[in-house]
Participant: 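Before we start, here is the structure in question, set down as structure tokens.
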Amino acid sequence: MDRRAPPTRCAVITPVLSKRATRGAPERRSPEARLDEAVGLAAAIDLEVVFQATVPLSEIRPATYLGTGKVEEIEGVVRAEAVDLVFFDAALSPVQQRNLEKAWSTKVVDRTALILEIFGTRARTKEGTLQVELAHLNYQRSRLVRSWTHLERQRGGFGFLGGPGETQIEADRRLIGERIVRIEKELEQVKRTRGLHRKSRKKVPYPVVALVGYTNAGKSTLFNRLTRAEVMAQDLLFATLDPTLRAVALPHGTRIILSDTVGFISELPTQLVAAFRATLEEVLEADVILHVRDISHPDTEAQAADVADVLTDLGVDPQPGGRVVEVWNKIDRLSPEEREQVANQVQRLASLDGPVPVSALTGEGTDDLLALIEQRITSDRVTVEVTLPAEDGEGLGWLYRHGEVLERSTDEAGAVHVALRLPPDRAHLVARRFGARRVHPL
């Protein structure tokens with residue numbers, strides 16, 4: 001007998017503001033694309049979407065966000081469709097949320113709350129769980145300040161999905177504040193541990209290459225293709241949350257650390273950006289940043305702009321030509337005409353070391369991507385020849401650990417000659433270890 005609870009019936013409402021309401025700020029996405037993404041967010045947490053609609057607005061009402069007529073119209077839909085939950089695809093104030101819940105007699109969650117819930121169900125590591133809980137508590141505290149409510153705790157995530165047997169816990173600001181302090185202390189320890197790991201990696205000449213991109217752009221699929229790993233990769237928003245690092249050998253033997261990070265999204269809650277800053281420091285420290293774009297998506301330009309906004313907030317220059325390389329993924333989904341257009345665009349932008357068109361699914365273009373990464377990584381490296389006695393096995397092992405051995409040969413006298421490539425700031429270490437007379441630039 002299947003005793004699973006029936007799926008939560010959800011209505012998705014996407015408000016579309018007029019130019020007057022946005023004070024002339026241009027809207028990056030079409031209303032249809034925004035609604036599709038909102039439905040995708042609901043599906044990512046297994047909500048059953050029974051109604052979806054965009055709502056044009058000329059102004060935002062302080063009490064209910066929507067106008068009275070539209071509130072009454074949606075109330076009728078909620079009753080007719082037996083809706084359990086309304087996902088309002090915008091940021092609601094506590095007063096607006098409470099008034100809409102009263103008007104519709106059902107639970108209402110805004111964009112921030114839904115994304116927090118998704119992150120809560122996706123976190124697998126202790127660090128990820130702590131980061132999401134911190135973001136969720138900060139979100140709750142901001143609402144308790146103005147609208148002393150009750151928090152709900154039940155199955156999965158962080159708890160807006162109702163169910164039989166759920167209990168209500170009165171959350172006061174003092175208890176939330178104390179929990180926040182404890183989590184921040186634990187995350188500070190995680191941050192120190194990450195710093196130690198980065199420091200130890202820097203002792204070994206493995207450059208870091210970080211994958212960033214809009215959620216569902218194919219980062220994890222590309223990560224799996226390049227590393228032959230099996231990180232979870234699905235056609236689902238925020239399929240992976242916790243960062244993953246793997247070593248990768250480039251075509252000529254250079255080894256790198258490839259880092260897969262959490263996907264970005266438009267209007268990513270500020271609480272999450274702040275909570276995941278420790279994780280995103282992998283991006284700040286990266287030698288090369290691969291901005292993975294779903295080039296087949298109709299809103300690829302808008303998605304790229306949203307990613308650029310987050311990178312800018314993190315202090316990273318998002319413009320190609322610096323540390324960032326654009327990877328145009330999912331070319332296998334393009335028609336022959338679209339592929340030709342992409343090829344022409346790539347040719348025009350080739351002077352910026354990219355973009356690189358690839359299909360993470362089929363592997364097409366990934367060899368070119370690896371070659372470009374290697375070119376970027378080695379462009380400022382110096383090459384030296386080190387001569388050492390045949391019996392110095394320890395010294396030979398040291399060279400392999402601290403540099404990229406390009407060639408190795410033995411002369412008639414038995415001396416070993418090693419051609420070594422390494423970052424400029426490590427050249428003095430070789431001279432100090434083997435003596436200046438044994439080290440010659442190539």
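Computed from a predicted structure; not experimentally measured. Excluded from the calculations below are hydrogen atoms, water molecules and symmetry mates; all remaining heavy atoms, backbone and side chain alike, are included. Just so you know, residue 1 is the first one in the sequence shown, and it goes up from there.
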Participant: Are the side chains of Q96 and I60 in touch, meaning some heavy atoms are under 4.5 Å apart?
Facilitator: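 SC-SC contact between Q96 and I60 confirmed.
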Participant: Can you give me the closest heavy-atom contact between R255 and A247, atom names plus distance?
Facilitator: NH2-CB, 3.5 Å
Participant: Within a 6.0 Å radius of atom CD on E394, are there more than 12 heavy atoms belonging to other residues, nucleotides or ligands?
Facilitator: no
Participant: Would you say that V86 contacts L100 through its side chain, given a criterion of any heavy-atom pair below 4.5 Å between the two side chains?
Facilitator: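 The answer is no; the side chains never approach within 4.5 Å.
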Participant: Looking only at heavy atoms, which two atoms of A42 and V12 are closest? And how far apart?
Facilitator: CB-CG2, 4.2 Å
Participant: Return the minimal non-hydrogen interatomic distance between L349 and P355, and the atom names on each side.
Facilitator: CB-CD, 3.5 Å
Participant: If you measure from CG on L422 to CG on L399, what distance do you get to the nearest 0.5 Å?
Facilitator: 9.5 Å
Participant: Show the numbers, then the answer: is there a side chain to side chain contact (heavy atoms under 4.5 Å, CB included) between I373 and V325?
Facilitator: CA-CA 9 Å; I373 293 171; V325 174; over 6 Å; no
Participant: So do Q97 and K107 actually touch side chain to side chain, heavy atoms under 4.5 Å?
Facilitator: yes
Participant: Would R79 and E75 pass as an ion pair if we require N to O under 4.0 Å?
Facilitator: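 Salt bridge: yes.
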Participant: Just verifying a value: how many Å separate E133 CD and E186 CD, rounded to the nearest 0.5 Å?
Facilitator: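 It comes to 8.5 Å.
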Participant: Report yes if some heavy atom in the side chain of W328 is under 4.5 Å from a heavy atom in the side chain of V342; otherwise report no.
Facilitator: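 A side-chain contact under 4.5 Å exists here.
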Participant: Going through the checks in order, is the side chain to side chain contact (heavy atoms under 4.5 Å, CB included) test met by L57 and L66?
Facilitator: CA-CA 7 Å; L57 289 179; L66 306 176; 3.8 Å; yes
Participant: Between N329 (side chain only) and D294 (backbone N and O only), is there a donor and an acceptor less than 3.5 Å apart?
Facilitator: no
Participant: What is the minimum heavy-atom distance between V324 and D317, and which atoms define it?
Facilitator: CG2-O, 3.4 Å
Participant: Find the distance between CG (D36) and CG (D299) and round it off to the nearest 0.5 Å.
Facilitator: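 Here the rounded value is 9.0 Å.
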Participant: Tell me which one of V55, I74, I13 satisfies side chain to side chain contact (heavy atoms under 4.5 Å, CB included) with F88.
Facilitator: I13
Participant: Using a strict threshold of under 4.0 Å (side-chain N to carboxylate O), is an ion pair present between E37 and R34?
Facilitator: no
Participant: How long is the gap from NE2 on H291 to CD on Q319, to the nearest 0.5 Å?
Facilitator: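 Atom-to-atom, H291:NE2 and Q319:CD are 11.0 Å apart.
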Participant: Within a strict 4.5 Å, meaning less than it, do heavy atoms of the V209 and D287 side chains meet?
Facilitator: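 A side-chain contact under 4.5 Å is absent here.
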Participant: Side chain of R333, backbone of H297: donor and acceptor closer than 3.5 Å?
Facilitator: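 Answer holds: no.
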Participant: Are any side-chain N or O atoms of E364 and backbone N or O atoms of I331, one a donor and one an acceptor, separated by less than 3.5 Å?
Facilitator: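 A pair under 3.5 Å: no.
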Participant: Closest heavy-atom contact between V307 and G213?
Facilitator: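 Closest heavy-atom pair between V307 and G213: CG2-C, 3.7 Å.
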Participant: Looking at every non-hydrogen atom in both residues, tell me the closest pair between L85 and T106 and how far apart they are.
Facilitator: N-OG1, 3.6 Å
Participant: Is any side-chain heavy atom of T54 closer than 4.5 Å to one of E32?
Facilitator: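 No, every pair of side-chain atoms sits at 4.5 Å or beyond.
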Participant: Charged N to carboxylate O below 4.0 Å: is that the case for D260 and K219?
Facilitator: no
Participant: Does the side chain of D110 pick up a donor-acceptor pair with the side chain of T112 at under 3.5 Å?
Facilitator: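 Short answer, no.
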Participant: Quick check on side-chain hydrogen bond (donor to acceptor under 3.5 Å, both in side chains): which of D332, T221, T366 does S359 satisfy it with?
Facilitator: D332
Participant: Whether E301 and R293 form a salt bridge (side-chain N of Lys/Arg under 4.0 Å from carboxylate O of Asp/Glu) is what I want to check.
Facilitator: yes
Participant: Ignoring hydrogens and geometry, is there a side-chain-to-backbone donor-acceptor pair from E48 to T8 under 3.5 Å?
Facilitator: no
Participant: Does the side chain of V327 reach to within under 4.5 Å of the side chain of L211, using non-hydrogen atoms?
Facilitator: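 V327 vs L211: side chains apart.
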Participant: Kindly indicate, with the supporting measurements, whether the criterion side chain to side chain contact (heavy atoms under 4.5 Å, CB included) is fulfilled by L258 and L226.
Facilitator: CA-CA 9 Å; L258 190 65; L226 298 179; 4.0 Å; yes
Participant: Nearest 0.5 Å, please: how far is CG in D309 from CZ in F264?
Facilitator: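 Interatomic distance, F264 CZ to D309 CG, rounded to 0.5 Å: 11.0 Å.
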Participant: So, are E374 and R376 salt-bridged, with charged N and O less than 4.0 Å apart?
Facilitator: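 So E374 does not pair with R376 through a salt bridge.
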Participant: Find out whether D306 and R29 are in side-chain contact, i.e. whether some heavy atom of one side chain is under 4.5 Å from a heavy atom of the other.
Facilitator: yes
Participant: For the NE2 atom of H428 and the CZ atom of R432, what is their distance to the nearest 0.5 Å?
Facilitator: 5.0 Å
Participant: Measure from the side-chain N and O atoms of W104 to the backbone N and O of V71, and report whether any donor-acceptor pair falls under 3.5 Å.
Facilitator: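 A pair under 3.5 Å: yes.
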Participant: If you apply the rule side chain to side chain contact (heavy atoms under 4.5 Å, CB included), what do you find for Q375 with L372, and how did you get there?
Facilitator: CA-CA 5 Å; Q375 178 186 331; L372 177 59; 4.2 Å; yes
Participant: If you measure only the distance, is there a donor-acceptor pair under 3.5 Å linking the side chains of Y65 and E59?
Facilitator: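 No.
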Participant: For R98 and S93, test the side chains for any donor-to-acceptor distance below 3.5 angstrom and give the result as yes or no.
Facilitator: no
Participant: Thinking salt bridges, do D84 and R9 make one under a 4.0 Å N-O criterion?
Facilitator: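 No salt bridge links D84 with R9.
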